[in-house]
Amino acid sequence: MLETLVQALPANVFAFAYFKRCVTLARQGRPVLLARRVSFGAGLLLLVAAVLPPLATLDDELLASHMVQHLLIADLAALLLVLGVTGPVLQPLLALPVLGRLRVLSNPLVALPLWIANLFVWHVPVLYQAAIHNSAVHALEHACFLGFGIAMWLALLGPLPSPLWFGNWARLVYVMIVRLSGALLANVFIWSGTVFYPDYAAGEAEHGVSALSDQGLAGSIMMIEGSIVTLALFAWIFLRAAAESERRQDLLDFAAAHGLALDESRAARAVAAGRAPALERRLREQAGLVTREQALAADRPRRR
């Protein structure tokens, strides 16, 4: 019971801090979109569900149940939490000296290797089985899965600025590496004839499941969940690329119609960096459609 309360504590802290910040931003006229608040709330609910019965009861009895728990925490809850945050929401955290330095974790070249290392290290039998028997190790395991999961998704979907090279093709490769890493581990569980975690033997016997069947089911669950998330991400990247292409062409057409100089590479960089509205306002200023004062006023960031 105590372990459950300790592991549920981060969700309560996240909830208080997040929704307090949302109230502050709403008072400032910068409300967080309802869809983002719903996403963050859903992520918190998944976190709590992962550490409550029945999963919390079965996680030391069946590997498959423990795998579901980890996927809820590391993949789905982390994803929903990241989709729920914005730049203004994170601003107070990033202003802190220590936490501000953690923004480096949102770099794809940092977040991805750390996520992969964390995934495989915690599935080493000695560590994985230690988490079954030791509450502190179990809590640390879950904290690592959540933290590195958030960093991995933050690099792909978060509101912090991405490197210029991290365009749609790079994002596609990023997603593929993430899912190939998970699929590799899942296939090891499915096809290996070796039992990796014998400490589940008592629970598996109690539930009438063989060790290899339990291990194969855990791998199958991991594979199916990863495939669904991957398809959703591929669809998102495709739609993002189509929208960026259309936005880039709109800027080029506007510039051409008003006799303004705008090369395709500049338009592409602006769209990729999320600065298309600012570029359009500057073009409108150059075309004499708005005054400089109006353009500067409109260019002040009001990110949701």
Side-chain angles (χ1 to χ4, degrees), residues 22 25-26 28-40 79-91 94 103 106-109 111-112 152-178 229-304:
C22 286
L25 290 172
Q28 296 175 355
R30 299 185 294 166
V32 178
L33 294 177
L34 176 61
R36 290 190 179 275
R37 284 179 278 148
V38 170
S39 177
F40 197 90
L79 171 61
L80 291 171
L81 291 175
V82 167
L83 292 176
V85 299
T86 65
V89 167
L90 294 177
Q91 186 177 3
L94 296 177
R103 73 166 61 227
S106 68
N107 187 306
L109 295 180
L112 183 55
M152 183 270 290
W153 289 124
L154 197 62
L156 181 69
L157 303 167
L160 300 181
S162 300
L164 290 178
W165 57 264
F166 198 55
N168 290 318
W169 282 108
R171 292 174 190 272
L172 182 63
V173 173
Y174 185 96
V175 171
M176 291 177 64
I177 294 175
V178 167
V229 173
T230 299
L231 288 175
L233 290 173
F234 282 172
W236 170 77
I237 291 174
F238 174 79
L239 293 174
R240 173 190 170 96
E244 287 185 353
S245 177
E246 181 178 359
R247 191 74 178 96
R248 182 172 63 251
Q249 191 59 49
D250 287 344
L251 290 171
L252 293 170
D253 291 344
F254 180 88
H258 293 84
L260 302 174
L262 177 64
D263 60 77
E264 188 169 350
S265 61
R266 182 187 175 195
R269 287 195 303 271
V271 171
R275 299 295 297 167
L279 177 57
E280 181 180 1
R281 285 191 287 270
R282 285 195 291 273
L283 292 173
R284 287 183 174 276
E285 178 194 349
Q286 294 174 22
L289 300 179
V290 296
T291 65
R292 179 169 179 76
E293 289 72 20
Q294 290 173 325
L296 290 174
D299 200 30
R300 295 191 186 102
R302 296 188 59 188
R303 291 178 293 179
R304 291 291 183 260

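Only this structure's heavy atoms are used, side chains among them; waters, hydrogens and symmetry mates stay out.
Leu109 and Asn107 make their closest contact through N-OD1, 2.8 Å (heavy atoms, listed as atom of the first residue, atom of the second, distance). Pairing each heavy atom of Ala255 with each of Leu262, the nearest pair is CB-CB, 3.6 Å. Shown here for Asn168 and Ile237, the closest heavy-atom pair between the two residues is O-CG2, 3.9 Å.
Residues passing the side chain to side chain contact (heavy atoms under 4.5 Å, CB included) test with Leu83, sequence neighbours excluded: Ser39, Leu79, Leu157. Under the side chain to side chain contact (heavy atoms under 4.5 Å, CB included) criterion, Ala170 pairs with Trp165, Phe166, sequence neighbours left out. Every side chain to side chain contact (heavy atoms under 4.5 Å, CB included) that Glu246 has, sequence neighbours left out, goes to Asp250. Residues satisfying the side-chain hydrogen bond (donor to acceptor under 3.5 Å, both in side chains) test with Gln91, not counting sequence neighbours, are none. By the side-chain hydrogen bond (donor to acceptor under 3.5 Å, both in side chains) test, Arg247 is found to be paired with Glu280, residues two or more places apart in sequence or in another chain being considered. Leu34 is linked by a side chain to side chain contact (heavy atoms under 4.5 Å, CB included) to Arg37, Val38, counting only residues two or more places apart in sequence or in another chain.
Comment: Glu244 does not engage Arg248 in a salt bridge, judged by the lack of any side-chain N to carboxylate O separation of less than 4.0 angstrom.
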Show your reasoning for whether side-chain contact (heavy atoms from CB on, under 4.5 Å) applies to Leu160 and Leu94.
-> CA-CA 10 Å; Leu160 300 181; Leu94 296 177; 3.5 Å; yes
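To the nearest 0.5 Å, atoms CH2 (Trp153) and CG (Leu233) are separated by 4.5 Å. To the nearest 0.5 Å, atoms CD1 (Ile177) and CE (Met152) are separated by 12.0 Å.
For the pair Gln28/Pro88, no side-chain contact is recorded, criterion being any heavy-atom separation below 4.5 Å from C-beta on. Residues Pro108 and Ser162 form no side-chain contact, since every pair of their non-hydrogen atoms from C-beta on lies 4.5 Å or further apart.
Contacts classified as ring pair (Phe, Tyr, Trp, His ring centres under 6.0 Å) and involving residues 230-254 (residues at least two apart or in different chains) are given here: Phe254-His258.
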